[in-house]
J.: 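Structure provided below as structure tokens; questions to follow.
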Amino acid sequence: MISPFPRPESQKQLMQRAHALAGKTIGEVAHSLNIIVPETLKRKKGWQGQFIEACLGADSGSLSQPDFPHLKIELKTLPIDYQGKVLESTYVSVLNLTSQQLISWQQSPVYHKLQKVLWVPIARKPQQNIMLSRIATPFLWCPTPQQQQTLKMDWENAVEMVNLGKVDQLNAKIGEYLQVRPKAANAKALTSAYNQQGEKIATLPRGFYLRSHFTQQILQENLKLN
DNA sequence: AGGTGATCATTA
DNA sequence: TAATGATCACCT
């Protein structure tokens with residue numbers, strides 16, 4: 001999807017664009033930009049995220065860095081229902097299973113992506129055409145010291161398990177805010193990792209995700225401020 | 001093959 | 001019905 005806008009020059013400009021979307025349906029915004037909306041996301045899972053990127057002037061085809069590198073801001077759409085309940089977890093980045101991870105939390109892509117996030121909540125009803133989904137009020141979030149601490153612990157624990165060769169014991173039940181889940185095209189798309197004996201094994205690629213109960217908390221905190 | 005954007009769909 | 005594990009599309 002090609003963005004009709006240049007990259008925002010400032011945080012202020014980005015927020016102005018974001019707030020201009022608030023209250024509008026996907027269909028309304030897409031129509032004004034001559035963008036065709038799929039009826040369902042079944043085979044277009046990333047469409048909504050890429051659509052909002054285009055609306056805000058993010059250059060897609062991105063690297064492992066924030067969506068707006070010059071502003072150090074990461075963009076995330078947040079699917080919710082009309083009661084304000086978060087419907088899905090939020091993907092953050094891949095978990096490197098191959099190289100020995102000598103990097104620290106503060107050097108990690110997860111840390112950098114989560115320092116400042118522009119959340120764009122989008123409300124939808126089950127079975128309803130995506131065109132009718134409504135963009136709620138976007139907001140900027142920076143993790144509190146407590147949130148930072150918990151994210152750091154979750155990240156360090158996951159990375160340690162990889163470094164100890166315990167990839168096979170990594171599952172989605174681990175981690176309070178940040179969990180590790182498969183991130184692959186399908187079950188046949190394997191990558192290499194190492195077991196506790198240091199032997200090379202083939203396993204599913206994994207990614208870091210924010211649990212929905214955590215993003216729910218973030219959303220709730222923001223509502224209090226308004 | 002591995003990164004981006006995520007949601008789907010089956011299980012517990 | 002919430003969560004986990006599986007999957008879809010596009011890009012480099």
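Naming: A, B, ... by sequence-line order, numbering from 1 per chain.
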J.: Side chain of A/Tyr209: nearest nucleotide among C/dT7, B/dT4, B/dC8?
T.: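 Taking heavy atoms from C-beta onward, the closest nucleotide is C/dT7.
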J.: For residues 69-76 of chain A, which residues have at least one heavy atom under 4.0 Å from DNA chain B?
T.: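 Those residues are A/Glu74, A/Lys76.
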J.: Considering only heavy atoms, which members of residues 22-33 of chain A lie under 4.0 Å from some atom of DNA chain C?
T.: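 Under 4.0 Å from DNA chain C: no residue of residues 22-33 of chain A.
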J.: Between the base of C/dT7 and the side chain of A/Lys188, is there a donor and acceptor pair under 3.5 angstrom?
T.: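 Not at all, since no donor on one side and acceptor on the other fall under 3.5 Å apart.
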J.: Both A/Leu190 and A/Thr77 contact DNA chain B. Taking the nearest nucleotide for each, which residue is further toward the 5' end?
T.: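 Result of the comparison: A/Leu190.
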J.: Check each residue of residues 106-140 of chain A for a non-hydrogen atom within less than 4.0 Å of any atom in DNA chain C, then write out the ones that pass by number, or none.
T.: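 When residues 106-140 of chain A is checked for heavy atoms under 4.0 Å from DNA chain C, there are no hits whatsoever.
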J.: Around atom CE of A/Met161, are there more than 12 heavy atoms of other residues, nucleotides or ligands at under 6.0 Å?
T.: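 Correct, the count exceeds 12.
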J.: Considering only residues two or more places apart or on different chains, which pairs with a residue in residues 78-91 of chain A satisfy salt bridge (charged side-chain N to carboxylate O under 4.0 Å, His left out)?
T.: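 Passing the test, one end in residues 78-91 of chain A: no pairs.
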J.: Kindly assign one of parallel, tilted or perpendicular to the pair A/His70 and A/Phe68, based on the angle between their ring planes and the thresholds 30° and 60°.
T.: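 Answer is perpendicular, since the angle exceeds 60°.
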J.: If you count every heavy atom of other residues, nucleotides or ligands that lies below 6.0 Å from A/Glu156 atom CD, does the total exceed 12?
T.: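 Yes, CD of A/Glu156 has more than 12 neighbouring heavy atoms, counting only those of other groups under 6.0 Å.
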J.: Categorize A/Leu204 for me: base, sugar-phosphate, or nothing, with a 4.0 angstrom heavy-atom threshold over every strand shown.
T.: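 The residue A/Leu204 makes sugar-phosphate contact but no base contact.
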J.: What's A/Ala187 touching, base or sugar-phosphate or nothing? Going by heavy atoms closer than 4.0 Å.
T.: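 Since only primed, P, OP1 and OP2 atoms lie under 4.0 Å of A/Ala187, the category is sugar-phosphate.
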J.: Check nucleotides 1-4 of chain C for protein N or O atoms closer than 3.5 Å to its own N or O atoms and list the pairs.
T.:
residue, atom, partner, partner atom, Å
C/dA2, OP2, A/Lys85, NZ, 2.8
C/dT4, OP1, A/Ala172, O, 3.1
C/dT4, OP1, A/Arg211, NH1, 3.2
C/dT4, OP2, A/Gln179, NE2, 3.0
C/dT4, OP2, A/Arg211, NH1, 3.0

J.: Can you check whether A/Lys72 reaches A/Lys116 side chain to side chain, under 4.5 Å on heavy atoms?
T.: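 No, every pair of side-chain atoms sits at 4.5 Å or beyond.
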J.: If you look at every strand shown and take non-hydrogen atoms under 4.0 Å, does A/Gly49 touch a base, only sugar-phosphate, or nothing?
T.: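 Result for A/Gly49 = sugar-phosphate.
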J.: Counting the atoms with a prime plus P, OP1 and OP2 as sugar-phosphate, which does A/Pro205 contact under 4.0 Å by heavy atoms, base, sugar-phosphate, or nothing?
T.: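 Counting heavy atoms under 4.0 Å across all strands, no contact is made by A/Pro205.
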J.: Work out how much the helix from B/dA1-C/dT12 to B/dA12-C/dT1 bends between its end axes, five pairs an end, to the nearest 10 degrees.
T.: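 Here the local axes at opposite ends form an angle of 30°.
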